[in-house]
Amino acid sequence: MHRDCESIVLREEEIAARVKEAAAWLDARFFGTVPVAVCNLKGSVVFFCDLLRAMRTDTEMDFMAVSSYGDETVAAGRPKIKKQLFSSVEGRDVILVEDIVDTGRTLVTLRKFFEERRVRSLTVVALLDKPARRKVNVSADFTCFTVGDAFVVGYGLDYAEKYRDLPYLAVLKRSVYEH
Ligand code: 5GP
């Protein structure tokens, strides 16, 4: 384990097994169609790549970025769309791949964004859910894991751009972000 981490929340093998289940769930919905899978950068990127490669359904990839964090561990206000999609999603089935649903504000912003773009359907898949911190009533259509109220890193998730490359999910030591 990385020296800045306190404990492992989810091991690499546990994540891989659950990602397969998420892929099978999506295949059951979408096989035979070509949905657009949207990665909400950057935290979802590792999950996104693993998920799409575990699916049998053909997908197109697109990317966007919404963020409410600076180099902090608590969301700093209303989420802003920092990067728009490359292609039009009007009339398409969209699979939105999210890293964590925490307060839920990012997901509300994204649901509105896709509604305005008149997608045919929107399916949200989230790696993690932190229901204890929810501020708005929203949830993903498929959640891989529910976690408690601790700041986690790894498997794409960062603190100040670090730790995204860890293959597991771990709780960061408080001493790393509390000075
Ligand atoms: P929400 O708008 O639901 O509060 O925030 C969701 C975003 O906050 C996630 O997409 C993620 O980027 C970030 N976030 C929430 N909890 C954590 C956490 O424990 N670790 C990290 N690295 N990011 C988190």
Side-chain angles (χ1 to χ4, degrees), residues 1-12 14-15 18-19 22 36-52 61-85 94-116 122-179:
M1 187 174 59
H2 193 288
R3 64 185 177 284
D4 292 349
C5 296
E6 184 176 286
S7 59
I8 292 188
V9 178
L10 291 161
R11 288 178 296 112
E12 204 174 341
E14 292 176 87
I15 299 171
R18 187 64 176 146
V19 167
V36 184
V38 175
C39 175
N40 182 18
L41 295 167
K42 297 176 188 169
S44 306
V45 71
V46 177
F47 176 44
F48 182 77
C49 294
D50 283 351
L51 181 65
L52 266 55
M61 292 185 184
D62 210 333
F63 301 87
M64 61 186 299
V66 180
S67 97
S68 49
Y69 281 26
D71 287 352
E72 305 294 331
T73 58
V74 177
R78 266 212 299 141
K80 291 182 192 66
I81 298 194
K82 298 248 160 119
K83 201 215 146 299
Q84 291 269 358
L85 297 168
V94 172
I95 300 169
L96 172 65
V97 181
E98 262 290 17
D99 52 0
I100 306 194
V101 184
D102 185 23
T103 64
R105 290 196 176 109
T106 303
L107 190 48
V108 167
T109 302
L110 283 167
R111 278 199 184 277
K112 189 158 161 274
F113 174 90
F114 285 106
E115 222 168 80
E116 285 168 4
L122 177 67
T123 302
V124 181
V125 181
L127 176 66
L128 303 175
D129 189 8
K130 272 191 191 173
R133 289 176 34 93
R134 196 72 92 253
K135 291 280 190 291
V136 282
N137 184 17
V138 70
S139 58
D141 300 293
F142 188 100
T143 299
C144 291
F145 301 100
T146 300
V147 291
D149 181 13
F151 192 78
V152 293
V153 294
Y155 199 67
L157 291 160
D158 75 316
Y159 170 65
E161 293 303 329
K162 278 178 80 180
Y163 316 110
R164 293 193 197 276
D165 50 3
L166 299 178
Y168 48 82
L169 274 151
V171 175
L172 195 60
K173 283 183 185 161
R174 281 183 171 272
S175 57
V176 175
Y177 57 88
E178 283 183 356
H179 302 292

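First listed ligand is number 1; within each ligand, the first listed atom is number 1.
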Q: Take the angle between the ring planes of Tyr163 and His2 and call it parallel below 30°, perpendicular above 60°, tilted in between.
A: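 Tyr163 and His2: perpendicular rings.
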Q: Look at atom 18 (C) of ligand 1 and find which of Tyr159, Tyr155, Tyr163, Phe151 reaches it with the closest heavy atom.
A: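 Selected option, by shortest heavy-atom distance: Phe151.
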Q | From the candidates Arg105, Lys130, Lys42, the one that places a heavy atom nearest atom 16 (N) of ligand 1 | A |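 It is Lys130 that holds the nearest heavy atom.
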(Q) Less than 3.5 Å apart, any donor N or O on the side chain of Asp50 or Tyr155 sitting next to an acceptor on the other? (A)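 Present: a donor and an acceptor within the cut-off.
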Does ligand 1 have a heavy atom under 4.0 Å from the side chain of [X], from its backbone, from both, or from neither?
X	answer
Asp99	side chain
Ala150	backbone
Glu98	side chain

Q) Can you check side chain to side chain contact (heavy atoms under 4.5 Å, CB included) on Phe47 and Val97, steps first, answer last? A) CA-CA 8 Å; Phe47 176 44; Val97 181; 3.4 Å; yes
Q: Give yes if a backbone or side-chain nitrogen or oxygen of Gly104 is under 3.5 Å from a nitrogen or oxygen of ligand 1, and no if not.
A: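 Yes, at least one N or O pair falls under 3.5 Å.
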(Q) Does ligand 1 come near enough to Leu107 that some N or O of the ligand is less than 3.5 Å from an N or O of the residue? (A)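 Looking only at distances, the answer is no, because the N/O contact criterion of under 3.5 Å is not met.
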**Q.** Side chain proximity check, Lys80 to Thr109, heavy atoms < 4.5 angstrom
**A.**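 A side-chain contact is absent here, since even the closest heavy-atom pair is not under 4.5 Å.
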Q) Should Glu6 and Arg174 count as an ion pair when the cut-off is N to O under 4.0 Å? A)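 No salt bridge links Glu6 with Arg174.
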Q. Quick one: do Asp99 and Lys42 make a salt bridge, cutoff under 4.0 Å?
A.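 Salt bridge between Asp99 and Lys42, a charged N being under 4.0 Å from a carboxylate O: no.
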(Q) Measuring from non-hydrogen atoms of Pro79 to any atom of ligand 1, is the shortest distance under 4.0 Å? (A)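 It does not, in that no heavy atom of Pro79 comes within the 4.0 Å cut-off of ligand 1.
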